[in-house]
Number of protein chains: 2
Amino acid sequence: MAEPPDRRTSEIDEAIMRATYRALHEHGYAGLTMQRIADEYGKSTAAIHYHYDTKEELLAAFLDFLLERFREAVHEVETTDPERRLRLLLDQLIVEPGDHHGLLVAMLEMRSQAPYNETFRERFQQNDEYIRYLLETVIGHGIEEGVFADVDPEHTARTLLTVVDGARTRAVVLDEQTALETARAAVEEYVDTVVLAD
Amino acid sequence: MAEPPDRRTSEIDEAIMRATYRALHEHGYAGLTMQRIADEYGKSTAAIHYHYDTKEELLAAFLDFLLERFREAVHEVETTDPERRLRLLLDQLIVEPGDHHGLLVAMLEMRSQAPYNETFRERFQQNDEYIRYLLETVIGHGIEEGVFADVDPEHTARTLLTVVDGARTRAVVLDEQTALETARAAVEEYVDTVVLAD
DNA sequence: CCCTTTTGACTGACTAGTCAGTAAATACGA
DNA sequence: TCGTATTTACTGACTAGTCAGTCAAAAGGG
């Protein structure tokens, strides 16, 4: 029956995170003001400043919130069969546009701020390393089990992530459905010809 | 000897474009203010407003200036031998970081604003189409001459551009030299295995 | 003298962040 | 269990600063 002592507090934090998400989704990163977050939250800006001293602190917390959700989603891929696992992971990375397109846009904006914001940079680097590690591991397993060609797992993972990031960037900048389809096809070709080849 | 009537004016325009370039390079797109451009220009902000009514107008002109320079640089590749031409074009697209890194950063920032700025979006789309057309043409020639495999030129060009854009994004976000090296290797592999295969 | 160009002073809109005060919930003491 | 502190969560008014853009006046060359 013992409830964590900060149960109410963390509910508030979560509500602010969700408000930030909606404000970001609607107005983009450049248009993300404390006022807009407060509007989504349904309280005053001072209320948010009560929980987070600065905007920077709030955004750091928000990025943690967001990337953790992302990693949880990727983590749900449970197959151990290397080829199937690799394809499923890559499918997870190349998400459908639809509802998530606004977030894809906002994420690229935030990523483009990495050079000016150490907090952002650290978190994006850490997240990328995590995903790359997952890919390297599954590629390594595939090679051990003899179903994948003897490629360099690190280089192969980096190449696949480059294609994924390129597709995301192009989907945002060029507003093209095609970008993600191209990536899906390219990744499939790459898996077929480079990884499975022999 | 007839000089265009707006010779002085266009010299001023060019000076403002160069000032904008330096300001963008130094402060990034989010930190690009009229004051900073004026500082680089060595005149007051009102002086810039005399030549460009709004900041948006100035940035539209600047993007034209920038993309035209970019296309000129790519246009200098004159070889007609398909394989050599394709490799040289791709080398041009994956530029060295060094001096240009600040610009690469600013360009990603500007590209990430495309969803909110029709002017930007149009120009980036147009530029992308131009580059893609160059790639499609050279791939088409290669196929005709029998040196390239019978791939789909459009799909191949899109895939190559996806890798290039992914590399650029990763170089900015992750601050990695590796990103561009990975792209160079990936593009080479792709050209070797997919395009030249038979 | 006129026309282009430039300046300095200004405006209004918007920004993050501060602060005193308030109301309700919670803890504590007798 | 009743009354008194204390804490949590918040509001509304405010500050100080930044931004793009305006405008009357002035500089300066032809």
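We name chains A, B, ... by the order of the sequence lines, and we start the count at 1 in each one.
When B:Glu83, B:Arg85, B:Arg84 are each tested for a side chain to side chain contact (heavy atoms under 4.5 Å, CB included) with B:Val138, only one passes: B:Arg85.
The CD1-P distance, from B:Ile48 to D:dC23, rounds to 19 Å in whole Å. Atom C1' of nucleotide C:dT7 and atom CG of B:Asp39 are separated by 14 Å, given to the nearest angstrom. Distance, A:Glu11 CD to D:dT8 C1': 14 Å, rounded to whole Å.
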Anything under 3.5 Å between a protein N or O and an N or O of nucleotides 19-23 of chain C, put it in a table, one pair a line.
none

Scan nucleotides 27-30 of chain D against the protein and return all N/O pairs shorter than 3.5 Å with their distances rounded to 0.1 Å.
none

For nucleotides 11-17 of chain C, give me every protein contact, N/O to N/O, under 3.5 Å, one pair per line with atom names.
from   : atom 1 : to      : atom 2 : distance (Å)
C:dA16 : OP1    : A:Met34 : N      : 3.3
C:dA16 : OP1    : A:Lys55 : NZ     : 3.2
C:dA16 : OP2    : A:Met34 : N      : 3.3
C:dG17 : OP2    : A:Lys55 : N      : 2.7

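A 6.0 Å sphere centred on CD of B:Glu56 holds no more than 12 heavy atoms belonging to other residues, nucleotides or ligands.
A:Glu76 and A:Gln92 share no donor-acceptor pair across their side chains, judged by distance under 3.5 Å alone. Between the side chains of A:Thr162 and B:Thr182, no donor N or O sits under 3.5 Å from an acceptor N or O. Using modelled atom types and a 3.5 Å distance limit, the side chains of B:Tyr130 and B:His75 yield a donor-acceptor pair.
Ionic pairing of A:Arg158 and B:Glu176 is present here: one or more N-O contacts between side-chain nitrogen and carboxylate oxygen are shorter than 4.0 angstrom. Residues B:Glu188 and B:Arg184 are not paired through a salt bridge, judged by the lack of any N-O separation under 4.0 Å between the basic side chain and the carboxylate. A salt bridge between B:Arg36 and B:Asp39 is absent, with no side-chain N of the basic residue lying under 4.0 Å from a carboxylate O of the acidic one. Taking 4.0 Å as the cut-off between side-chain N and carboxylate O, A:Arg22 and A:Glu26 do not count as a salt-bridged pair.
Both B:Leu32 and A:Tyr116 belong to a common hydrophobic cluster when Ile, Leu, Val, Met, Phe, Trp and Tyr are linked at side-chain heavy-atom distances under 4.5 angstrom.
In this structure, A:Tyr41 reaches the sugar-phosphate backbone alone: every heavy-atom distance under 4.0 Å involves primed, P, OP1 or OP2 atoms, never a base.
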How far apart are the C-alpha atoms of B:Arg170 and A:Asp128, what are their side-chain angles, what is the distance that settles it, and do they pass the salt bridge (Lys or Arg N to Asp or Glu O under 4.0 Å) test?
CA-CA 10 Å; B:Arg170 293 174 67 79; A:Asp128 190 78; 2.9 Å; yes
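Nearest-nucleotide positions on DNA chain D for A:Gly42 and A:Tyr50 put A:Tyr50 closer to the 5' end.
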